[in-house]
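Report on one structure; see the data block that follows.
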Amino acid sequence: MNTGPAKTNLLGLTRAELEAFIGQMGEKPFRARQLMKWLYKRHVSDFDQMTDLARVFRERLKEVAQGATPEITMTQVSADGTRKWLLSMGAAQGIEMVFIPEPGRGTLCISSQVGCAMDCTFCSTGQQGFNRNLSAAEIVGQVWLANRELGFAPGEDRVITNVVFMGMGEPLANYRNVVPATEILMDDLGFDISRRRVTVSTSGLVPQMLRLAEETNCALAVSLHAPNDRLRDELVPINRKHPIAELLDACWQYVDKQNARSITFEYVMLDGVNDHPEHAYELVRLLKGRPAKMNLIPFNPFPGTRYRRSSAAAIERFRDILNANGVIATTRRTRGDDIDAACGQLVGRVHDRTTVRLGSKLVSVAVQS
Ligand code: SAH
Ligand code: SF4
């Protein structure tokens, strides 16, 4: 962050927190609304430009506050418009952020931690280990920055219509900062993104899922990846603490509490590991008649991994079994010649392919020449 340590970063404050902050400065709460309008509706973070605030107030704000975002160290644009940014998080650490444009919507995939402690065996972030949590300001700052990069214009339709926490990190392991960030994303004075379009993806931290059901109202995606505990224990080690029955119970409670349509279950397709027809039938037994959607993700290999991506035929067969037996399943879209835009694994339509180092995480990316 391009910040001085003592200043409060306003991008990390919810409306109530901003009102409290402004109150402490001896100003009226409605100043918080004015500030939010500048920050999120006009996309201005320079206090000097906030012309409807008294000059004295602006000067005081400059002393104690700022609207700072992470810094971009690299930008990559694929031929299909997908963009990936590497952001510096200080101390030689980095995170990634990906924007995926599709007809009628634009999805921004953001990170919640530098690294991840959950240790899923098929995930390059997991293999790198955990570095630190991102602050609420660093999380919201990603969206703010992407808006700027994508040419935000006040009054025009936003390019970013959906935000998913599917970049680096386990969002529910950083609950304290992720929840206020989702609040700012959904606040009508903030980014004003509808609750069904802000998705937290979790590997299955059950206690935090139950808390989330009570305390916020965003959409939930759950990384299932296996239909039985024996296999899930191996792929997603948190399963040893919170096995599938407990996890699914938390999912259905979430749907009830939130009056949500469904939970999206992510399932990475690993050749010969979890892609057998019998696994699909096991999933049917778990999910049939439930408010569930399966999202099959072709595995993206990374250097040193022991896994391979399932064949297109195996993925199709798996999806067909689910759909034929009453479980809605889609395959995460691949583009062009098998080009994947999954978070963390961006591959664009390429002239040149390279490998980027994110901390110790290696991501295969494609760059347009
Ligand atoms: N930690 C959260 C969110 C970030 S990971 C979670 O696990 O849900 C976002 C998604 O990418 C998860 O479903 C994750 O399992 C998946 N993923 C991780 N590594 C992958 C890989 N190499 N190929 C394809 N998907 C992967
Ligand atoms: Fe962490 Fe998600 Fe990767 Fe598992 S899949 S190691 S929870 S980022």
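Numbers here simply count residues along the sequence, with the first being 1. In listed order, ligands and their atoms are each counted from 1.
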TODO: Output yes when the distance from some N or O of ligand 1 to some N or O of S124 is under 3.5 Å, and no in every other case.
DONE: no
Open item on the list: Applying the salt bridge (Lys or Arg N to Asp or Glu O under 4.0 Å) criterion to D188, which one of R15, K37, K41, R195 satisfies it?
Closed with: R15
Task: Whether H225 and Y267 hold their rings parallel, tilted or perpendicular, with breakpoints at 30° and 60° - done: tilted
Open item on the list: Using a strict cut-off of 2.8 Å, how many protein N/O/S atoms surround atom 1 (Fe) of ligand 2?
Closed with: 1
Task: Per atom 1 (N) of ligand 1, closest listed option by heavy atom (G204, S112, G169) - done: G169
Task: Min heavy-atom dist H225 to ligand 1 below 4.0 Å - done: yes
Open item on the list: Heavy-atom pairs closer than 4.0 Å: do any link ligand 1 to the side chain of M166, the backbone, both, or neither?
Closed with: both
Open item on the list: Among N147, I160, V163, which residue satisfies the side-chain contact (heavy atoms from CB on, under 4.5 Å) criterion with F191?
Closed with: N147
Open item on the list: Minimum distance, heavy atoms only, to atom 5 (S) of ligand 1: which one of C123, A221, G167 is it?
Closed with: G167
- [ ] Would you mind telling me if ligand 1 is within reach of the side chain of V222, the backbone, both or neither, using heavy atoms under 4.0 Å?
- [x] neither
Task: Under 4.0 Å to a heavy atom of V268 - the qualifying atoms of ligand 1, by number - done: 23 (N), 24 (C), 25 (N)
Open item on the list: If you measure every N or O of F122 against every N or O of ligand 1, does any of those distances drop under 3.5 Å?
Closed with: yes
Open item on the list: Distance check, rounded to the nearest 0.5 Å: N162 atom CG versus L185 atom CG?
Closed with: 11.5 Å
- [ ] Please round to the nearest 0.5 Å and tell me the distance separating atom CZ of F130 and atom CD of Q113.
- [x] 5.0 Å
Open item on the list: So M89 and R132, do their side chains get closer than 4.5 Å, heavy atoms only?
Closed with: yes
Open item on the list: To the nearest 0.5 Å, what is the distance between CZ on R211 and CG on L205?
Closed with: 12.0 Å
Task: Residue pair F57 / M50, side-chain heavy-atom distance below 4.5 Å - done: no
- [ ] Check each heavy atom of F165 against ligand 1 and say whether those closer than 4.0 Å belong to the side chain, the backbone, both or neither.
- [x] backbone
- [ ] Find out whether L39 and L11 are in side-chain contact, i.e. whether some heavy atom of one side chain is under 4.5 Å from a heavy atom of the other.
- [x] yes
Task: Closest to atom 23 (N) of ligand 1 (judged by heavy-atom distance), picking from L235, N300, T125 - done: N300
Task: Atoms of ligand 1 close to E266 [distance to a heavy atom under 4.0 angstrom, numbered from 1] - done: 10 (C), 12 (C), 13 (O)
Open item on the list: Please check if the number of heavy atoms outside R158 that lie under 6.0 Å from its CZ is greater than 12.
Closed with: yes
Open item on the list: Between R285 and E278, does the salt bridge (charged side-chain N to carboxylate O under 4.0 Å, His left out) criterion hold? Intermediate values first, please.
Closed with: CA-CA 11 Å; R285 290 195 283 278; E278 183 47 39; 3.1 Å; yes
Open item on the list: So if I count the atoms of ligand 1 from 1 in the order they appear, which ones are less than 4.0 Å from some heavy atom of T202?
Closed with: 6 (C), 8 (O)
- [ ] Check T125, L134, L86, I139 against I95 for a side-chain contact (heavy atoms from CB on, under 4.5 Å) and give me the one that passes.
- [x] L134
